[in-house]
Amino acid sequence: VFYSSGATSVRFTLEESFGTGAPDTTAFSITGGGARWQLDANPINKIHFGLSSLDSSFLGNDALGYLSSLKSGGANALSSENYHQAANIAAAASQQVATDRARLGAVKSYSVDSTLSSLNSAKTALTAAVSSIEEVDFVSETANYQRLQSLYKMGVSVIAAINNNTANVLALLENIL
């Protein structure tokens, strides 16, 4: 059976005996799979990662038994004095957890940390670019301000000269008349 919709896809195989029990008693467990993680802005850069089930009924194996069988009343409970079998089950469960920890650590080190480092470098470069643009903008605005100041001072000088010339023209006209 295969189902896919958007970012979710599931693939599994049903055995012939599946669903042949009493009505409403069919059950199944998902024992694998994972998630797709997009680590940066590029949609192509995705990793697929999943962990096996760390439930005590899945830690161990068919040959030895499972961690859940060590509980009181379980097939390999410590009260059964089958210490060697219990130690082997615990060792197998510990190995499974260590394997998943190693896989998770590898994904963190080689995918997540390297992507974070790359994104931090890009952030530093973008911050420097923004700073340069702001500096250029500041210099441009300062030059524009100084130009306007010069125009203002020249305008005041021209108006003062015109006022002064008007007074001189009126004085000459009064002398003539």
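These values consider heavy atoms only, across backbone and side chains, with no hydrogens, waters or symmetry-generated copies.
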> For Thr127 and Lys123, what are the C-alpha separation, side-chain angles and deciding distance, and is it a side-chain contact (heavy atoms from CB on, under 4.5 Å)?
Replying inline: CA-CA 6 Å; Thr127 301; Lys123 178 183 174 187; 4.2 Å; yes

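- Under the 3.5 Å distance criterion, the side-chain polar atoms of Thr166 are matched with a main-chain donor or acceptor of Ile162.
- Judged by distance alone, the side chain of Ser114 and the main-chain N or O of Ser111 form a donor-acceptor pair under 3.5 Å.
- The salt bridge (Lys or Arg N to Asp or Glu O under 4.0 Å) contacts involving residues 168-177 comprise nothing, where partners must be two or more places apart or lie in separate chains.
- Heavy-atom neighbours of Arg101 CZ from other residues, nucleotides or ligands within 6.0 Å: at or below the threshold of 12.
- Thr115 OG1 to Lys108 NZ: the interatomic distance, rounded to the nearest 0.5 Å, is 12.0 Å.
- Once rounded to the nearest 0.5 Å, the distance linking CG of Leu116 with OG of Ser121 reads 11.0 Å.
- A donor-acceptor pair is defined here as one N or O able to donate and one able to accept, closer than 3.5 Å; such a pair exists between the side chain of Thr99 and the backbone of Gln95.
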Can you list, pair by pair, the side-chain donor-acceptor contacts under 3.5 Å of residues 59-75, counting residues two or more places apart and other chains?
from: Asn61; atom 1: OD1; to: Ala63; atom 2: N; distance (Å): 3.1
from: Asn61; atom 1: OD1; to: Leu64; atom 2: N; distance (Å): 2.7
from: Asp62; atom 1: OD1; to: Tyr66; atom 2: OH; distance (Å): 2.6
from: Tyr66; atom 1: OH; to: Asp62; atom 2: N; distance (Å): 3.4
from: Ser69; atom 1: OG; to: Tyr66; atom 2: O; distance (Å): 2.5
from: Ser69; atom 1: OG; to: Asn76; atom 2: ND2; distance (Å): 3.0

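- The hydrophobic clustering, which links ILVMFWY residues whose side-chain heavy atoms are closer than 4.5 Å, places Val112 and Leu104 together.
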Just distance, no hydrogens or angles: give the donor-acceptor pairs under 3.5 Å from side chains in residues 134-148, sequence neighbours left out.
from: Thr142; atom 1: OG1; to: Phe138; atom 2: O; distance (Å): 2.8
from: Asn144; atom 1: OD1; to: Arg147; atom 2: NH2; distance (Å): 3.2

